[in-house]
Amino acid sequence: MKRIAIQPLTAEAFAPFGDVLEAEGAPDKIINEGLCGRFHDCARLDFSDGRAGISLFKSEARALPYTLRMVERHPLGSQAFLPMTLDPFLVIVAPDEGDAPGEPLAFRTVPGQGINFLRGTWHGVLTPLSEPGLFAVVDRIGAEANLDEHWFETPYEIA
Ligand SMILES: NC(=O)N[C@@H](O)C(=O)O
Ligand code: NI
């Protein structure tokens, strides 16, 4: 298997694939009588003609090295994963190369980071690294099929 090294998640490296949500640095606005900082409008959400929904995912943790067999994408909407714990998790994306994914990239979040996949971004399914893998997920709600999967001929080892 080809090995993919896990790198730290940064907004710059992730920008072609989505957004990193984190309350770092100066907030955009101080609210609530000066007791709260608002980090405003952090993600590029897109639900085409559907509507936004918030779901909760409670996922089993994965061990490293992680065998990546498949990536998926949602052609009709973005998908945000907002951890409800402070545990880092694994984020896997792949560039689109002629409607098929290219070589994946793997990132590890730091506590307090969430992510938003842009509409149509190839990504691995939710991969927590600790239990409970509890996340709020903001994505498109609609009756249409919104999932393309690509199974790799040869899996990758993520470590
Ligand atoms: N299928 C589903 O709801 N989850 C995936 O989209 C995922 O990215 O985990
Ligand atoms: Ni997804």
Side-chain angles (χ1 to χ4, degrees), residues 1-2 4-22 41-159:
M1 281 190 277
K2 182 158 189 181
I4 303 284
I6 299 172
Q7 54 186 300
L9 180 64
T10 66
E12 296 73 21
F14 197 66
F17 306 102
D19 311 290
V20 176
L21 294 100
E22 56 186 336
D41 196 15
C42 299
R44 294 165 281 174
L45 303 183
D46 178 352
F47 305 109
S48 58
D49 58 354
R51 68 174 174 84
I54 298 180
S55 305
L56 296 180
F57 282 26
K58 192 169 187 180
S59 170
E60 292 189 22
R62 305 305 199 277
L64 296 179
Y66 174 68
T67 302
L68 178 70
R69 293 181 169 80
M70 182 272 286
V71 288
E72 60 170 47
R73 65 181 175 185
H74 308 297
L76 299 180
S78 55
Q79 188 174 48
F81 289 91
L82 308 173
M84 299 178 81
T85 71
L86 285 175
D87 297 315
F89 63 102
L90 194 58
V91 181
I92 296 168
V93 291
D96 190 18
E97 292 180 355
D99 220 27
E103 183 161 295
L105 296 90
F107 300 94
R108 187 198 310 262
T109 66
V110 297
Q113 283 181 329
I115 57 106
N116 174 60
F117 295 123
L118 295 179
R119 173 176 174 180
T121 289
W122 290 110
H123 60 278
V125 299
L126 177 61
T127 38
L129 297 173
S130 315
E131 302 278 350
L134 185 60
F135 292 74
V137 179
V138 182
D139 61 4
R140 183 182 188 270
I141 306 297
E144 307 83 348
N146 185 26
L147 175 64
D148 296 336
E149 292 184 345
H150 177 91
W151 292 82
F152 294 109
E153 285 181 21
T154 306
Y156 290 89
E157 180 185 78
I158 313 286

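All of these numbers come straight from a predicted model, not from anything done at the bench. Whatever order the structure lists them in is the order used to number ligands and atoms, beginning at 1.
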Quick check on contacts: which atoms of ligand 1 are under 4.0 angstrom from a heavy atom of [X]?
X	value
H74	6 (O)
H123	8 (O)
F57	3 (O), 4 (N)
E72	5 (C), 6 (O), 7 (C), 8 (O)
F81	7 (C), 8 (O), 9 (O)

Original post:
With F89, which of F135, F81, F107 fulfils ring pair (Phe, Tyr, Trp, His ring centres under 6.0 Å)?
Top reply: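 One option only clears the test, and that one is F135.
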**OP:** Flag yes if more than 12 heavy atoms outside I54 fall under 6.0 Å of its CD1 atom; otherwise flag no.
**Re:**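 It does not: I54 CD1 has 12 such atoms or fewer within range.
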Original post:
Quick check: are there more than 12 heavy atoms from other residues, nucleotides or ligands sitting under 6.0 Å from CD of E60?
Top reply: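 No, not enclosed.
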Subject >> Reference residue W122; test side-chain contact (heavy atoms from CB on, under 4.5 Å); the match among E149, R73, M70 >> reply: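 Of the listed options, the one satisfying the test is R73.
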**OP:** State which residue, out of T109, T127, L9, fulfils the side-chain contact (heavy atoms from CB on, under 4.5 Å) condition with L90.
**Re:**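 Only one of T109, T127, L9 forms a side-chain contact (heavy atoms from CB on, under 4.5 Å) with L90, namely T127.
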Subject >> Polar proximity ligand 1 side, D139 side, N/O cut 3.5 Å exclusive >> reply: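 Min N/O separation from ligand 1 is not below 3.5 Å for D139.
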Original post:
Between L126 and ligand 1, is there a nitrogen or oxygen pair with a distance under 3.5 Å?
Top reply: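 Yes: some nitrogen or oxygen of L126 is under 3.5 Å from one in ligand 1.
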Original post:
Are R44 and S78 linked by a side-chain donor-acceptor pair shorter than 3.5 Å?
Top reply: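 The answer is no; no qualifying pair exists.
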Original post:
What N/O/S atom of H74 gets nearest to the Ni ion (ligand 2)?
Top reply: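 The closest N, O or S atom of H74 to the Ni ion (ligand 2) is NE2.
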Original post:
For ligand 1, does F117 get within less than 4.0 Å through its side chain, its backbone, both, or neither, judged by non-hydrogen atoms?
Top reply: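 For F117, there is no contact with ligand 1 at all, from either part.
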Original post:
Between NE2 of H123 and OE2 of E72, what angle is found at the Ni ion (ligand 2), rounded to 10 degrees?
Top reply: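 My answer is 90°, to the nearest 10°.
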Original post:
Passes side chain to side chain donor-acceptor pair (under 3.5 Å), E72 versus H150? Steps please.
Top reply: CA-CA 6 Å; E72 60 170 47; H150 177 91; over 6 Å; no
